[in-house]
Amino acid sequence: MSLAVGVIGAGVMGSEHARILREATPGAHLSGVCDADEARARKAAGDVWVTADALELIRSDRTDAVVIAAPDVTHANLVLACIEQGKPVLCEKPLATTAAEARSVVEAEIKASRRLVQVGYMRRFDPAYAEMKRLKDEGAIGSPVILHNVHRNPVVPTWFTGPMSVTNAFVHEIDASRWLLGSEMVSAHVRSLGAGDPLLITMETDRGELISTEVFMNCGYGYHVHAELVGQKGTLQTITPRLVTENLSGFSRSTYPDNWSRVFETPILLSSINGSRAYACSFRARGRVPGTVI
């Protein structure tokens, strides 16, 4: 049986989710697309149902599960509507625009007694990060002491605001750092140049580990995500996401992907959680060799 997934929002992220559901997701299929712009929705939908009403899509019998890639301010209320309908939902980050809204979502899911909500944090499902965590958990480098993160993007669109460097970019490194280390953050310090790009953020965990993160949303040269975990006996680092290395005339030149979709492709996989049908966000590495260097 194929899971019918509706997508809310047909912008950059939503249209990519819709494409992957149409073309590359075993066990699931695109059942509908919602967007205020009908032409954009139809382009993303192909030959499936289109609506401008997000609640209609969530409540429809044609929808088993939902992907939310609408504007950030709509996320919390749409996720709450999915929980109310008992439908699994993958929500693009951020889950909400305020801590209070995010807590209300968590409390609603707890009250429903079902795990229905997944936030689109793909680092956990990237083969390189998964291998780094496996080796760290096995004690390959001893106790971790420092984690270095790099998050660079070639250029952001005009609608990307300063706070989004944290709410829509650095959140990935917050999640990945907690997951890799198994620790909670107890302090954070942010330094910025110019208009807030790049950012250098340092954090400390409840185990005394240090985390440094560079967030550079207009680096110019390509999409570059990297992590290095320093332990008491050695280090682990993800392999640089090159597409190609060219060696000619005494020079070596590498090409980088120009956006996230060239590195992380996001099929939605089915899983069983507490006996209910649900789905989790998984990621295939593309354009880079999955793995770590030890």
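Keep in mind it's a predicted model, so treat the numbers as computed, not measured. As a basis for the values below, the full set of heavy atoms in this structure was taken, side chains included, without hydrogen atoms, waters or symmetry mates.
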So, the side chain of [X] versus the backbone of [Y]: is there a donor-acceptor pair under 3.5 Å, distance only?
X	Y	answer
Thr205	Met185	no
Asp35	Glu38	no
Arg19	Ala24	no
Arg42	Asp47	no
Thr98	Glu101	yes
Asp206	Glu184	yes
Asp197	Asn218	yes
Ser31	Arg62	yes

* Among Thr167, Asp175, Val119, find the one that has a side-chain contact (heavy atoms from CB on, under 4.5 Å) with Lys93. => Val119
* Asked: When Glu173 is tested against each of Leu147, Ile211, Leu180, Thr213 for side-chain contact (heavy atoms from CB on, under 4.5 Å), which residue passes?
  -> Thr213
* To do: Carefully, step by step, assess Val117 and Leu95 under the rule side-chain contact (heavy atoms from CB on, under 4.5 Å).
  => CA-CA 9 Å; Val117 182; Leu95 177 62; 4.1 Å; yes
Side-chain heavy atoms of [X] within contact of [Y], under 4.5 Å:
X	Y	answer
Pro94	His75	yes
Leu78	Val66	no
Ile201	Val215	yes

Just verifying a value: how many Å separate [X] [atom1] and [Y] [atom2], rounded to the nearest 0.5 Å?
X	Y	atom1	atom2	value
Leu236	Glu228	CG	CD	9.0 Å
Ile83	Glu107	CD1	CD	11.0 Å
Arg114	Lys87	CZ	NZ	11.0 Å
Gln85	Cys82	CD	SG	8.5 Å
Thr235	Leu135	OG1	CG	11.0 Å
Leu21	Glu23	CG	CD	10.0 Å

* Please determine if Arg123 forms a cation-pi arrangement with Trp179, meaning its NZ or CZ atom is less than 6.0 Å from the six-membered ring centre and no more than 45° off the ring axis. => no
Any side-chain donor paired with an acceptor under 3.5 Å for [X] and [Y]?
X	Y	value
Ser177	Asn149	yes
Gln237	His148	no
Ser60	Glu56	no
His29	Ser2	yes

* To do: Work out which heavy atom in Ser165 is nearest to a heavy atom in Gly196; give both atom names and the distance.
  => OG-O, 4.5 Å
* Smallest separation among heavy atoms of Ala81 and Leu55, with atom names -> CB-CD2, 3.7 Å
* Asked: Does Met122 belong to the same Ile/Leu/Val/Met/Phe/Trp/Tyr cluster as Val166, with side-chain heavy atoms less than 4.5 Å apart forming each link?
  -> yes
* Asked: Stepwise, does the side-chain contact (heavy atoms from CB on, under 4.5 Å) test hold for Val145 with Gln232?
  -> CA-CA 7 Å; Val145 290; Gln232 292 179 333; 3.9 Å; yes
* To do: Check whether the ring centres of Phe170 and His151 lie less than 6.0 Å apart, and answer yes or no.
  => no
* **Check against side-chain contact (heavy atoms from CB on, under 4.5 Å), Leu57 and Trp49** => CA-CA 9 Å; Leu57 183 143; Trp49 170 53; 4.2 Å; yes
* Step by step, would you call His17 with Glu92 a side-chain contact (heavy atoms from CB on, under 4.5 Å)? -> CA-CA 10 Å; His17 281 296; Glu92 279 297 338; 2.7 Å; yes
* When you look at Thr238 and His226, which way does the side-chain hydrogen bond (donor to acceptor under 3.5 Å, both in side chains) test go after all the steps? -> CA-CA 6 Å; Thr238 58; His226 179 73; 3.2 Å; yes
* Asked: Salt-bridged, Arg152 to Glu214, with N to O below 4.0 Å?
  -> yes
